[in-house]
Amino acid sequence: MALLLSLILVICIGPGLLESSYRVRLVRGPHRCEGRVEVEKNGQWGTVCDDGWNLKAVAVVCRELGCGEAKGTPSGFVFEPKAEETQNIFIQDINCSGIEDTLAKCKKEDGSCTHDEDAGAACELPDTVDTVRLVNGLGRCKGRVEVKYQNQWSTVCKEGWNLQAAKVVCRQLGCGRAILTRGCFDKAFQGQGPIWPNQVSCSGKELTLQDCLSTPWENSSCTHEEDTWVHCEDPFELKLEGGQSRCSGLLAVKHDGIWGSVCDDDWGEEEDEVVCRQLGCGVPLSQPLNARKRFGQGSGRIWLDDVHCSRSEQSLEQCRHRFWGYHDCTHKEDVNVICSGKFCSWNPCILAWRGEG
C-alpha cells in the first residue's frame, strides 16, 4: 500500500519534487548575481545542465538569490576556472515556468550531460546604496542591523550571523573595523515589523552584504529578541603633515576627535600603498630610512601600532591593527609617508623626488 501511494505521488506531482530543497549559488562570475549555476545536495555542490535552461529558469535563480532582473543565460563553461570533471551534475534537465520561488520547485527530468553544458545565469546586481543600515546606536557605525528587502526595512536574525558578516556591513557603511556582534537582548533596542527571511554566509572579504551567499530560511522561528547588533569602529580621518604637499609628511589619524600618530612597527610598502590610495595621492615612493624621518616627530597620542595591510584595502581602518591607543612605541617611531601625487606616474616622480628631473 505504501509503495502504491509513493507511485501515485510521483505520477501526480512529477519527478524531483519529492527531493529535499536545493540551495543555489552562482560561482566564478564578476559578482554574486552572475556566474555558473551550482546547487547543493547532501552537503555537496554540483552543477546544472543547460538542457531546458532558459530565461525563465534564470528568473527563478535571480529571485531565490535576492538579485535583480534576469539578464541572460550565459554558458556556465565560460566562467573560469571551469567545473572539475569529477564534480556532480545534479540537475540534468529542468523546466521552470518562471514564477517558482526556488529552483527546487521547478520540474526536473533525467538526462545525460557533460560539464561543457553547464548552465550559467546573469542577473542584475541590486543597488547597494541604502540597502543596509545600523539603527538605534550612537552614530551610524553602531546599532541594530537592518536590510532593505522588498522596499521595507527588515531586521536580521542573529542565527547564523558571525563576525565575518559584521566585517562586511562595517565595510559597506564606510565604518572602521567590526569589533562586536551580538543579539539585541534589551527590548529597547529590538526592532519591529518584518524580519529578513534569508540566512547570510560571508567570508568577510565581500564589499557589500549583497555579495555574500544568501539563502532563504527553511525553518526559521526567529523573533525580534534575536535581532542582530553590530558595533563598528568609527571611520577615522587621515592626513600627512609637515611635507611640501598634502601627499607627503608625518602620518596622523583622527580618533574620538583627537589627532595622533602611527607607530612604524612592521610598517612597510603595503601600508604606504593603502595610505596613498586613501588620500588619492598616487603610489608610494621608495625612500631611504633617513628620508622617512625628515618630517620630524609627532606629539600627543600614539593611536595605532602593529598595522598590517595586504594592499587590497581601500582605507587604513580596514587593515589589522592593535586597539586604539595600545602600543609600545615612542614618537621616534612615528610613520612618515611620501606619495607620488595624484597625477604623477611612477618613474618621473622618483626622479623628481631624488632631484634628478
Side-chain angles (χ1 to χ4, degrees), residues 128-129 132 134 139-142 166-179 204-209 211 232-287 291-298 300-327 329 331 333-346 349-350 353:
T128 60
V129 178
V132 63
L134 301 177
R140 67 180 184 84
C141 293
K142 179 180 180 181
K167 287 180 180 179
V168 177
V169 168
C170 295
R171 181 180 301 121
Q172 183 172 352
L173 293 176
C175 300
R177 293 189 308 170
I179 57 177
K205 297 180 180 179
E206 296 86 354
L207 294 178
T208 71
L209 199 61
D211 294 327
C232 315
E233 289 181 342
D234 288 329
F236 57 85
E237 296 181 49
L238 184 82
K239 66 180 179 180
L240 297 174
E241 51 188 5
Q244 293 183 342
S245 72
R246 71 177 189 87
C247 292
S248 64
L250 180 73
L251 176 61
V253 295
K254 192 176 185 180
H255 178 62
D256 284 344
I258 301 172
W259 287 98
S261 60
V262 178
C263 181
D264 66 4
D265 287 350
D266 295 324
W267 189 276
E269 292 180 2
E270 293 84 357
E271 290 71 32
D272 278 352
E273 187 172 323
V274 174
V275 169
C276 294
R277 181 186 303 125
Q278 184 172 355
L279 291 174
C281 286
V283 296
L285 298 182
S286 177
Q287 46 186 312
R292 281 187 173 272
K293 301 302 179 184
R294 65 192 293 186
F295 304 111
Q297 302 174 14
R301 299 298 298 265
I302 299 176
W303 274 131
L304 293 179
D305 189 16
D306 293 332
V307 180
H308 295 278
C309 303
S310 66
R311 296 182 191 263
S312 64
E313 298 86 358
Q314 295 302 308
S315 60
L316 198 64
E317 64 258 35
Q318 294 172 5
C319 301
R320 292 188 294 115
H321 57 78
R322 285 192 185 187
F323 284 113
W324 291 97
Y326 285 83
H327 64 87
C329 306
H331 283 296
E333 301 168 87
D334 286 346
V335 168
N336 289 262
V337 178
I338 300 176
C339 307
S340 64
K342 186 172 183 180
F343 301 109
C344 199
S345 60
W346 184 265
C349 279
I350 292 178
W353 176 63

Roughly how far, to the nearest 0.5 Å, is the [atom2] atom of [Y] from the [atom1] atom of [X]?
X: Trp259; Y: Glu237; atom1: CH2; atom2: CD; value: 5.0 Å
X: Ile302; Y: His327; atom1: CD1; atom2: NE2; value: 4.5 Å
X: Leu134; Y: Lys142; atom1: CG; atom2: NZ; value: 11.0 Å
X: Asp264; Y: Asp305; atom1: CG; atom2: CG; value: 8.5 Å
X: Asp306; Y: Cys329; atom1: CG; atom2: SG; value: 7.0 Å
X: Asp266; Y: His308; atom1: CG; atom2: NE2; value: 4.5 Å

Between [X] (side chain only) and [Y] (backbone N and O only), is there a donor and an acceptor less than 3.5 Å apart?
X: Arg246; Y: Lys239; result: no
X: Arg171; Y: Gly204; result: yes
X: Asp334; Y: Ser261; result: no
X: Gln278; Y: Leu316; result: yes
X: Ser340; Y: Val283; result: yes
X: His331; Y: Gly300; result: yes

[options] screened by side-chain contact (heavy atoms from CB on, under 4.5 Å) with [X], the one that passes:
X: Leu173; options: Val168, Val132, Thr208; answer: Val132
X: Leu250; options: Asn336, Val335, Leu240; answer: Asn336
X: Trp267; options: Glu271, Glu270, Glu269; answer: Glu271

Original post:
More than 12 non-hydrogen atoms from neighbouring residues, nucleotides or ligands closer than 6.0 Å to NZ on Lys205, yes or no?
Top reply: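 Atom NZ in Lys205 is not crowded, with 12 or fewer foreign heavy atoms closer than 6.0 Å.
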
**OP:** Assign the ring pair Trp303 / Trp324 to parallel, tilted or perpendicular, where the plane angle (0 to 90°) is split at 30° and 60°.
**Re:**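 Perpendicular: the ring planes of Trp303 and Trp324 meet at over 60°.
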
**OP:** May I have the step-by-step check of disulfide (SG to SG under 2.5 Å) for Cys141 and Cys232, ending in yes or no?
**Re:** CA-CA 5 Å; Cys141 293; Cys232 315; 5.6 Å; no

Original post:
Under 4.5 Å between any side-chain heavy atoms of Arg177 and Cys170, yes or no?
Top reply: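 Side-chain contact under 4.5 Å: no.
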
Original post:
Do the side chains of Val337 and Cys276 get nearer than 4.5 Å, heavy atoms only?
Top reply: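 Yes, side chains in contact.
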
Subject >> Test log, rule disulfide (SG to SG under 2.5 Å), inputs Cys339 and Cys281 >> reply: CA-CA 6 Å; Cys339 307; Cys281 286; 5.0 Å; no

Subject >> Heavy-atom pair of closest approach, residues Arg140 and Gly174 >> reply: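 So the two residues come closest at NH2-O, 3.5 Å.
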
